[in-house]
Protein chains: 2
Amino acid sequence: MAENDCRTNLIAAAIPMFAAKGLNGVSVRDIAREAGVNLSMISYYFGGKEGLYAAVLTDQFASLLKIEDIDRMEVDTLQKFEMYVRAIVTRYREYPYLLRFYTSELTNPTPCFETIVKPAIKRVIEILITAFSKGFSHQEFRDNLHPVDSVLSLAGMINFYFLIEPVTEGLIDHSQNRDEELIRHIMDIFTRGVLKS
Amino acid sequence: MAENDCRTNLIAAAIPMFAAKGLNGVSVRDIAREAGVNLSMISYYFGGKEGLYAAVLTDQFASLLKIEDIDRMEVDTLQKFEMYVRAIVTRYREYPYLLRFYTSELTNPTPCFETIVKPAIKRVIEILITAFSKGFSHQEFRDNLHPVDSVLSLAGMINFYFLIEPVTEGLIDHSQNRDEELIRHIMDIFTRGVLKS
DNA sequence: GTCTATATTGCGATAGAC
DNA sequence: GTCTATCGCAATATAGAC
């Protein structure tokens, strides 16, 4: 095995395995076998199983933070929300295991939750709240709306759609073909839901 | 220990432990110690760790299915949706660990997912779809709406609010005090989002 | 039904050769 | 940097006494 392909192969093999069964559901032996790498390389490169898990999460959640770009865009508030929804869909298609780490850490937090996961998610939510508050102060939205509740509603609609897939895969087409329809649909409900009519 | 308090105590002790760390994150030794019961009682009453976990999930998801009542109510469609949101909030307050099992099984499914969790969640979603379709055929809703996407949006708003609590607890009051405001807020967005204007 | 004691397996980690 | 061999521990499960 050339150079530090070991490191790369271990992370690549660990991502779907940790995503499927969680930190405690996978053994380092299984990961090493799947990566085609010697067991002891996990300690050598990552200091142990938890270090490998942390490296996986760091990799996965770095992609989520690209959403920060929205903050610096010079577009109106509703467009920012559509960019957010679109960015989430793109991330989940590009990183098919990201949502699993996201919800797994929310539900059964490991030490990585406080250091990696929570800061990343919080940053995204704060950007949405800032955007909403700006539109709110410009009186774009109905004035009995709560900024945090409103942006959590939007985030909930798009995230839950992917989370619930194992239950609804027989009821609806969850493939990429329908992504544009989904985005339009969610933005449609949200826009009419919050805008002054 | 009197009679089969063993069984009851084991389930009661296991609920918060499995909810916090998942099936693989907890040992039967820890559960037995916490329940004040001998280790071997887990095999005696439940046939092993997975049997205990299945008993816990059966108990938790039976409560979710009480939502079925909505199906038989003679009220208009939007009222059914409000009843659903209200029932979810009530369930999560009454069963503070239910959502963890719900999302844990969606994210890192065990054998219980197919037998216990998926049927329960699917049943609830189907009831919502039926209700929406009825209102749809009565032309209550805008006609470019998709029934499944629409009810998943509503379910996403309320479920995500509870799921994201570990991140937003510093930003918003997640206590029961605000439940009515939350319900009104979500129903407000959803109603304006789907209704003909 | 409940206990103690133990069988057995699999775990994560590492010492030490190369 | 990579390997083999192994240590020490914790896991689930159960046999058998009471």
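In what follows, chains are A, B, ... by sequence order, proteins preceding strands, each numbered from 1. Since this is a predicted model, take the numbers as computed values, not measurements.
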How many Å lie between [atom1] on [X] and [atom2] on [N], as a whole number?
X: B:Leu10; N: C:dG1; atom1: CG; atom2: P; value: 14 Å
X: B:Asn24; N: C:dG10; atom1: CG; atom2: C1'; value: 13 Å
X: B:Phe46; N: D:dT14; atom1: CZ; atom2: P; value: 16 Å

Salt bridge (charged side-chain N to carboxylate O under 4.0 Å, His left out) evaluation trace for B:Arg123 with B:Glu68:
CA-CA 8 Å; B:Arg123 181 83 187 99; B:Glu68 281 197 295; 2.3 Å; yes
Working for salt bridge (charged side-chain N to carboxylate O under 4.0 Å, His left out), residues B:Asp69 and B:Arg72:
CA-CA 6 Å; B:Asp69 296 347; B:Arg72 292 185 294 275; 3.1 Å; yes
Sidechain N-carboxylate O distance under 4.0 Å for B:Lys80, B:Glu74
no
Salt bridge (charged side-chain N to carboxylate O under 4.0 Å, His left out) with B:Glu181: which residues, sequence neighbours excluded?
B:Arg178
Mind checking whether A:Leu65 and A:Met73 sit in one hydrophobic cluster, side chains of I, L, V, M, F, W, Y counted as touching below 4.5 Å?
no
Quick one: what's the B/S/- string for nucleotides 11-18 of chain C, heavy-atom cutoff under 4.0 Å, read 5' to 3'?
BBBB----
